[in-house]
Amino acid sequence: MIALYQPLAVTMHYFLEAVLVGLCLGIFYDVLAGAAMVYGKHRWAAYLTDGIFWLAALVVYFVFTVTLAAGQVRGFLVIGMGGGILFCHLAVGWLVQKMTCTILQLLVWIVRILTHYTQMILHFMQAGWKWFQKNLKKFFKKTSISGKKTL
């Protein structure tokens with residue numbers, strides 16, 4: 001049974017855990033915002049990343065209140081999580097977004113280079129296979145010692 005009145009230390013512990021969860025959600029939001037900035041010309045990217053964030057935030061809040069906060073839905077937990085998100089976004093949000101943009105652009109560049117080289121290798125393999133098929137009869141001629149039997 002959960003006591004209705006808890007000591008201040010327990011309440012402060014839950015609040016600090018809520019702030020920590022909010023900091024993690026703030027970093028997650030800034031990573032998603034950086035990903036949306038890479039695809040900035042598409043409006044759907046912002047809607048998609050915002051939807052993913054709010055869905056994740058609701059799931060995290062539900063799990064947090066059910067498991068860590070002993071099922072107590074309290075206003076100070078929402079304030080702690082919101083404060084953590086806001087602090088993270090204002091303090092290091094620009095840095096996380098910039099790093100996310102840079103990493104995603106680097107990954108896009110690597111994928112383009114790998115795609116180019118893969119296409120080039122497949123083109124050479126296809127050309128070699130066509131040459132092999134064209135000259136297949138020359139490779140597998142049946143000849144006897146006297147050379148009279150040939151295909």
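Every heavy atom of this structure was used, including side-chain atoms; hydrogens, water molecules and symmetry mates were not.
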J.: Hey, quick one: are I85 and V59 part of the same hydrophobic cluster, counting side-chain heavy atoms closer than 4.5 Å, chains of contacts allowed?
T.: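 No, it is not one cluster - the side chains of I85 and V59 are not joined through contacts under 4.5 Å.
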J.: CE of M120: more than 12 outside heavy atoms within 6.0 angstrom?
T.: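 Above 12, so yes.
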J.: Ring centres under 6.0 Å, that's the criterion: do F132 and W129 meet it?
T.: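 Yes, the ring centres sit under 6.0 Å apart.
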J.: Are the side chains of M37 and K98 in touch, meaning some heavy atoms are under 4.5 Å apart?
T.: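 Counting from C-beta outward, M37 and K98 never come under 4.5 Å.
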J.: Nearest heavy-atom pair of C88 and G26: which atoms, and what distance?
T.: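 C88 and G26 have their closest heavy atoms at SG-C, 3.8 Å.
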J.: Hey, what do you get for CE (M81) to CG (L23), rounding to the nearest 0.5 Å?
T.: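 Atom-to-atom, M81:CE and L23:CG are 10.5 Å apart.
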J.: How long is the gap from CH2 on W44 to OG1 on T49, to the nearest 0.5 Å?
T.: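 One finds 9.5 Å between CH2 of W44 and OG1 of T49.
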J.: If hydrophobic clusters are built from ILVMFWY residues whose side chains come within less than 4.5 Å, do W109 and L114 share one?
T.: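 Both belong to a single hydrophobic cluster.
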J.: So how far is it from Q105 CD to I110 CD1, rounded to the nearest 0.5 Å?
T.: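 Reported value, rounded in 0.5 Å steps: 12.5 Å.
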J.: Applying side chain to side chain contact (heavy atoms under 4.5 Å, CB included), run through F62 and L58 and close with a yes or a no.
T.: CA-CA 6 Å; F62 175 75; L58 287 173; over 6 Å; no
J.: Is it possible for you to say whether L32 and V60 belong to one hydrophobic cluster, with membership spreading through side-chain heavy-atom contacts below 4.5 Å?
T.: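 Same cluster.
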J.: Transitively linked via ILVMFWY side-chain contacts under 4.5 Å: F76 with L16?
T.: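 Yes; L16 is reachable from F76 via cluster members.
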J.: Let's go through Y39 and L104 carefully: what are the C-alpha distance in whole Å and the side-chain angles of both, what is the deciding distance for side chain to side chain contact (heavy atoms under 4.5 Å, CB included) to 0.1 Å, and is it a yes or a no?
T.: CA-CA 10 Å; Y39 299 103; L104 286 177; 5.5 Å; no
J.: Rounded to the nearest 0.5 Å, what's the gap from CG on L55 to CG on D50? Could you check?
T.: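 The CG atom of D50 is 12.5 Å from CG of L55, to the nearest 0.5 Å.
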J.: On a heavy-atom basis, which atom in G34 and which in C101 lie closest, and how many Å separate them?
T.: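 Here G34 and C101 meet closest at O-SG, 3.3 Å.
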J.: Please lay out, stage by stage, how E17 and Y14 fare under the test side chain to side chain contact (heavy atoms under 4.5 Å, CB included).
T.: CA-CA 5 Å; E17 284 179 349; Y14 290 151; 3.9 Å; yes
J.: With side chains defined as the heavy atoms from C-beta onward, is the minimum distance between V78 and Y61 less than 4.5 Å?
T.: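 In short, these two side chains touch, coming nearer than 4.5 Å.
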J.: Checking H123 against Q119: is there a side-chain donor and acceptor pair closer than 3.5 Å?
T.: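 Short answer, no.
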J.: Do L95 and V31 sit in one hydrophobic cluster, given that two such residues count as connected whenever their side-chain heavy atoms are within less than 4.5 Å of each other, even indirectly?
T.: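 L95 and V31: separate clusters.
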J.: Working to the nearest 0.5 Å, report the span between CE of M99 and CH2 of W94.
T.: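 Going from CE on M99 over to CH2 on W94, the span is 10.0 Å.
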J.: Roughly how far, to the nearest 0.5 Å, is OG1 of T11 from CG of L77?
T.: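 Separation between the atoms: 9.0 Å.
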J.: Could you check whether the rings of F53 and Y29 sit parallel, tilted or perpendicular, using 30° and 60° as the cut-offs?
T.: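 Perpendicular.
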J.: Count the heavy atoms of every other residue, nucleotide or ligand shown that sit under 6.0 Å from CZ of F28, and state whether that count exceeds 12.
T.: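 More than 12 within 6.0 Å, yes.
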